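Working notes, beginning with the structure itself.
Since we're looking at a predicted model, the values are computed, not measured.
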Amino acid sequence: MAEIFVNYRNGDCHDAAVALERELSHRFGDEKVFRASKSIPPGDNFRDALTRASGGARVLLVLIGDRWLSTRDEQGRLLLDREDDWTRTEILNALESGARVIPVLCGRTLPRLSATDLPPALAPLADCQSLRYDSGSAERDLGEIARTLAELVPGLEDRTVRQETERSEVRNSVTNTTAGQVLQARDVRENNLTNIGTVNGHVQTGGGPQYNTTSHGDGANHVNGSVHGGINQNFGGTSERERAK
């Protein structure tokens with residue numbers, strides 16, 4: 001069962017619904033986010049699927065645009081007043097199940113909902129704290145919505161945060177700027193040069209007596225161990241072999 005249900009009305013906030021669902025699926029996993037046209041396979045009973053998903057989600061995001069309140073049917077009746085309106089039904093299912101219902105105001109200036117503008121059954125929606133999504137600040141707003149959901153839903157993990165942490169740990173290696181101590185556990189030999197980039201701290205290679213000490217940057221770089229041939233620290237300037245000539 002998807003934990004996040006994206007509720008929206010056809011003809012109102014469709015593009016925002018697609019953008020939000022894709023971003024949240026990317027961050028939390030495709031199976032965690034439900035959007036009707038994506039999540040209901042062909043041939044499935046859509047009524048059953050919508051009822052189960054909206055009643056079983058932990059969070060229901062209600063996307064509200066300029067036409068959300070005012071859309072009417074062929075007889076001129078407001079769709080939100082109709083008991084068979086699925087946008088209305090999904091919200092009521094989530095409220096009844098105890099899910100967290102979050103209005104998402106689509107647009108920079110769209111005002112918050114007022115209970116007087118809503119059918120009595122949906123009046124509690126006006127008291128729910130809202131979020132905002134605007135296409136002009138989509139990246140920022142999508143990130144804020146995702147961070148909010150990660151904080152509110154226990155166990156919901158943003159995979160992009162974990163991946164960024166893992167990439168950061170990989171970059172903090174001997175081929176990049178490194179703070180602390182770097183160990184090169186082998187001898188430095190002729191034509192076997194090690195480029196350790198910019199180092200702030202200590203660099204040690206092997207174990208044994210110290211033959212050479214070179215200072216660079218904010219710390220000392222120490223090359224310890226057996227030395228066979230030339231050593232090129234590759235920090236710029238003249239190498240140790242060239243100085244010996």
Query raised in the report: Would Thr87 and Trp68 satisfy side chain to side chain contact (heavy atoms under 4.5 Å, CB included), going step by step from the backbone distance to the final call?
Result: CA-CA 10 Å; Thr87 299; Trp68 190 83; 3.7 Å; yes
Report task. Please assess Ile64 against Val104 for the test side chain to side chain contact (heavy atoms under 4.5 Å, CB included), listing each intermediate value before the final yes or no. Result -> CA-CA 6 Å; Ile64 300 170; Val104 179; over 6 Å; no
Report task. Might you work through the side chain to side chain contact (heavy atoms under 4.5 Å, CB included) test for Leu142 and Tyr133, ending with a clear yes or no? Result -> CA-CA 7 Å; Leu142 290 172; Tyr133 170 81; 3.8 Å; yes
Requested in this report: Show your reasoning for whether side chain to side chain contact (heavy atoms under 4.5 Å, CB included) applies to Leu149 and Ile102.
Outcome: CA-CA 10 Å; Leu149 293 177; Ile102 304 176; 4.2 Å; yes
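Scanning all heavy atoms of the two residues, the minimum distance from Leu152 to Pro154 falls at O-CD, 3.3 Å. Between Val101 and Ala94, the shortest heavy-atom distance links the atoms CG2-CB, 3.9 Å. Of all heavy-atom pairs spanning Asp84 and Thr89, the tightest one is C-OG1, 4.5 Å. Of all non-hydrogen atoms in Leu113 and Ala126, the two that sit nearest each other are O-CB, 3.9 Å. Ser25 and Val33 make their closest contact through OG-CB, 3.6 Å (heavy atoms, listed as atom of the first residue, atom of the second, distance). Of all non-hydrogen atoms in Ser130 and Leu105, the two that sit nearest each other are OG-CD1, 3.8 Å.
Legend: salt bridge (charged side-chain N to carboxylate O under 4.0 Å, His left out) pairs involving residues 111-139, not counting sequence neighbours, sorted by first then second residue: Arg108-Asp134. Note on residues 38-54: pairs passing salt bridge (charged side-chain N to carboxylate O under 4.0 Å, His left out), not counting sequence neighbours, are Glu21-Lys38, Asp30-Lys38. For residues 141-154, the salt bridge (charged side-chain N to carboxylate O under 4.0 Å, His left out) pairs, not counting sequence neighbours, are Glu144-Arg147.
By the 4.5 Å heavy-atom criterion applied to side chains, Leu125 and Ile91 are counted as neighbours. When side chains are defined from C-beta on, Leu122 counts as touching Leu80, because their heavy atoms get closer than 4.5 Å. Using a 4.5 Å heavy-atom threshold, the side chains of Leu92 and Glu96 count as separate. Ser54 is listed as a side-chain neighbour of Leu60, based on a closest heavy-atom distance under 4.5 Å.
When the salt bridge (charged side-chain N to carboxylate O under 4.0 Å, His left out) test is applied to Arg100, no partner is found at least two apart in sequence or on another chain. In this view, Ser37 and Tyr8, Arg35 satisfy the side-chain contact (heavy atoms from CB on, under 4.5 Å) rule, not counting sequence neighbours. Residues satisfying the salt bridge (charged side-chain N to carboxylate O under 4.0 Å, His left out) criterion with Arg72, sequence neighbours excluded, are absent altogether. For the salt bridge (charged side-chain N to carboxylate O under 4.0 Å, His left out) test, residues two or more places apart in sequence or in another chain that qualify with Arg9 are Asp85. Listed by chain and residue number, Arg82 satisfy the salt bridge (charged side-chain N to carboxylate O under 4.0 Å, His left out) test with Asp73 (two or more places apart in sequence, or in another chain). Among residues two or more places apart in sequence or in another chain, the side-chain contact (heavy atoms from CB on, under 4.5 Å) test is passed with Pro124 by none. The side chain to side chain donor-acceptor pair (under 3.5 Å) check on Glu3 picks up Lys32, Arg58, with sequence neighbours excluded. By the ring-ring contact (aromatic ring centres under 6.0 Å, His included) test, Phe34 is found to be paired with Phe5, residues two or more places apart in sequence or in another chain being considered. Considering only residues two or more places apart in sequence or on other chains, Ser97 meets the side chain to side chain donor-acceptor pair (under 3.5 Å) condition with none of them.
With rounding to the nearest 0.5 angstrom, the CZ atom of Arg67 is 4.5 Å from the OG1 atom of Thr71. From Leu20, atom CG reaches atom SG of Cys13 across 10.0 Å, with rounding to the nearest 0.5 Å.
At a threshold of 4.5 Å between side-chain heavy atoms, the hydrophobic network of Ile, Leu, Val, Met, Phe, Trp and Tyr places Leu69 and Val62 in one connected group. Tracing side-chain contacts under 4.5 Å through hydrophobic residues (I, L, V, M, F, W, Y), one never reaches Leu63 starting from Leu118; they form parts of separate clusters. Using a 4.5 Å cut-off between side-chain heavy atoms of Ile, Leu, Val, Met, Phe, Trp and Tyr, with links allowed through other members, Leu156 and Val161 fall into different hydrophobic clusters.
Arg159 places a side-chain N or O within 3.5 Å of a backbone atom of His26 that can act as its donor or acceptor partner.
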